[in-house]
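The chain is numbered in sequence order, starting from 1.
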Amino acid sequence: MTESPAAQAAGASEFPHYKRNVGLLFVCWALTSTSMMLLVTVSALVGASLAENKALLALPIAIQWYASAFFTIPASFIMARIGRRNGFLLAVTAMTVGAGLSLLAVYEGSFALFCFASLVVGFATGFQWYYRFAAAEVVPDFFRSRAISLVLAGGVVAAIVGPTLARFSVDWLAPVNFAGAYLAAIVIQAMIMTILLTVQIPRPPRMALRGGRPLVEIARQPKFMLAVAGGVIGYGVMVLLMSVTPKAMEMCGLSFAEATHVIQWHILGMYVPAFFTGHLIKRYGAQRIMLIGGLLNIVCLAIATVDIAFENFLVSLLLLGVGWNFLYTGATTLLTETYTLAERAKTQALNEFLVFGFVATATFFSGVTLHVYGWQNLAIGVLPLLLIVLAATVWLMMLSQREAAAKA
C-alpha cells in the first residue's frame, strides 16, 4: 500500500537524514560483504588443503555459520544497549582477529587453528548481518523495503571486488597459497573501521529487552512463519551450494580462475537485483517476490544437474543468487511487519538464530555430500527444501486473500 504525500512528508521530517544514513550503511555493507565473499571464495579450498579427511573440507565454514547463529542472539541485545555503530565496531575488531588467525593457520598448516579462526569470524558475522535491520530502523515506514534492498545492494561491490581480489591476492604471500587473501581481508576491516569512526550512524531508539508478546505468540503468526521459512531455506540452499562451488569445480576439472568468475557472477545475481527488489516488493508484495525467488532457485537446480560444464555452473549460480535476493529481501521485509518496538530485539534474534543455525548445518553437510555423492546429487537433494518454502508462500497468499475477502 502506497502512503499519501502527507504521510511521506511526516515520515521524512521524523528522519531528516535518512537517505544519507542509508548511503553510509550501503558503503559499510559493501566493504563488509566484500571481505565475506573474499573468504568464501577461498575457505573451502583452504579447508580441503589443511584437512586430512577431505569430507571435512566445509567444517570450518560450518563452524563459522554455527558461531554466527549462536552470536546473533547476544548481538541483538548488545546492540540494543550500546547502539548499532558500537556493535559493528566490535564486529570489525573480531573479523580482523579472525582473519589474522586464519593467516597464521595457513602458514602453520593447522586445520584446528583454522577452525578456531572460523569461530572468531562467525562471532563477527553474528553482528554484521544486522546492517539490513539498521537500514530499516533509520528510515520512514514508506522507505523501509527500499532501504533494506538498497543496503543489500552494497553486495554488488563485493561481487566485483571480492572474487577478483581473491584471484589476485592468492599469491601475495607466495609460496604459501591463499594466505594473501586473509591479508586483504584485514586491510578491508581497517577501511570499515575508519568509516565507522568518522561517520555517525544514528543510534536506534532504546529497546526494551523484555516486554510485548511472548516469543511463542509472535512465532505463531503466519507472516512470521513464512519470513523464517524464506530466510532459513533461501539462505540455507544458497550457502549450501555456493560454499562448495570452488571445490566442486576443481573436482570437475575446472580452474580456480574459472571458479572465481562463477562466484563473481553468483554474487552479482545476489545483489544487483537489490537496486529494484524493494520497489517490486512495494508494488507486488513480499509474498509474490518470494514465490518468484523460489521458482528461480528450482530452475537453478535443473541447470546444475544437466551437466558439469563451466557454463552450467555459471548460469545456475547466477540464478541461485537472484533467487536468494528475492527470497531473503522479501522475508526480511515480511519479518519487520511481525513485531513492535518492544519485541524487536528478541524477534530479530530468534529469526537470525534460526536462519544461520540452519545455514551452518547445511554448510557442513554440503562438504560431506559433495565428497561422497558429487555436485549433481547435492543439487538434487535441496529440491524438497525449496518446495516447502513455495508451498508456505502459496498458503499465506491464499490465507491473506481469504482475510481480505472476509473484511470486504
Side-chain angles (χ1 to χ4, degrees), residues 33-34 36-49 51 54-62 64-65 118 155 158-167 170 177-178 181 234-271 296-325 328 359-383 385-386:
S33 54
T34 295
M36 287 181 178
M37 292 305 131
L38 170 64
L39 300 184
V40 163
T41 304
V42 301
S43 288
L45 295 170
V46 172
S49 68
K54 301 309 176 184
L56 299 179
L57 67 92
L59 178 60
I61 307 175
Q64 175 185 325
W65 286 111
S118 299
I160 298 170
V161 177
T164 302
L165 191 55
R167 192 160 55 246
V170 67
N177 287 335
F178 306 113
Y235 216 120
V237 168
M238 187 275 291
V239 171
L240 191 152
L241 296 176
M242 177 188 69
S243 60
V244 296
T245 292
K247 184 59 181 177
M249 293 182 67
E250 181 186 84
M251 292 169 63
C252 294
L254 300 171
S255 68
F256 178 70
E258 288 175 312
T260 60
H261 283 300
V262 168
I263 293 295
Q264 191 165 47
W265 280 98
H266 167 68
I267 303 169
L268 283 170
M270 289 173 64
Y271 293 117
L296 286 173
N297 276 355
I298 290 177
V299 175
C300 148
L301 299 182
I303 294 173
T305 56
V306 169
D307 198 357
I308 55 173
F310 169 75
E311 292 77 11
N312 291 75
F313 277 102
L314 184 68
V315 176
S316 62
L317 267 291
L318 174 63
L319 292 177
L320 179 68
V322 178
W324 170 86
N325 180 277
Y328 195 57
V359 165
T361 303
T363 302
F364 174 73
F365 282 104
S366 69
V368 175
T369 305
L370 176 68
H371 180 73
V372 177
Y373 298 105
W375 168 255
Q376 290 166 306
N377 287 326
L378 173 62
I380 294 171
V382 301
L383 178 59
L385 298 176
L386 291 170

CE/Met270 to CE/Met242 distance, rounded to the nearest 0.5 angstrom?
5.5 Å

When every non-hydrogen atom of Ala181 is compared with those of Leu38, the smallest separation belongs to O-CD2, 3.2 Å

CG on Leu268 to CG on Leu318, rounded to 0.5 Å
8.0 Å

Within the 4.5 Å heavy-atom criterion, are Leu39 and Ile61 side-chain neighbours or not?
no

Here the pair of heavy atoms bringing Leu370 nearest to Ala248 is CD1-CB, 3.8 Å

Review item, side-chain donor-acceptor pairs of residues 300-310, under 3.5 Å, at least two apart:
from, atom 1, to, atom 2, distance (Å)
Thr305, OG1, Leu301, O, 3.2
Thr305, OG1, Ala302, O, 3.0

Mind checking whether Leu240 and Leu378 have side chains closer than 4.5 Å, heavy atoms only?
yes

Residue list, side-chain contact (heavy atoms from CB on, under 4.5 Å) with Ile298, at least two apart or on another chain
Leu383, Leu386, Leu387, Leu390

Might you point out which heavy atoms bring Asn297 and Trp324 nearest each other, and give the distance in Å?
OD1-N, 3.9 Å

Over all atoms of both residues, closest heavy-atom pair of Ser255 and Glu258:
N-OE1, 2.9 Å

Minimum heavy-atom separation for His266 to Leu317, with atom names?
ND1-O, 2.7 Å

Let me confirm one number: the CD-OG distance from Glu311 to Ser316, rounded to the nearest 0.5 Å.
11.0 Å

Quick one: ring pair (Phe, Tyr, Trp, His ring centres under 6.0 Å) partners of Trp375, sequence neighbours excluded?
Phe313

Note: His261 and Leu314 closest approach over all heavy atoms is O-CD1, 4.2 Å

Would you call Ile263 and Ile267 a side-chain contact if the rule is heavy atoms closer than 4.5 Å?
yes

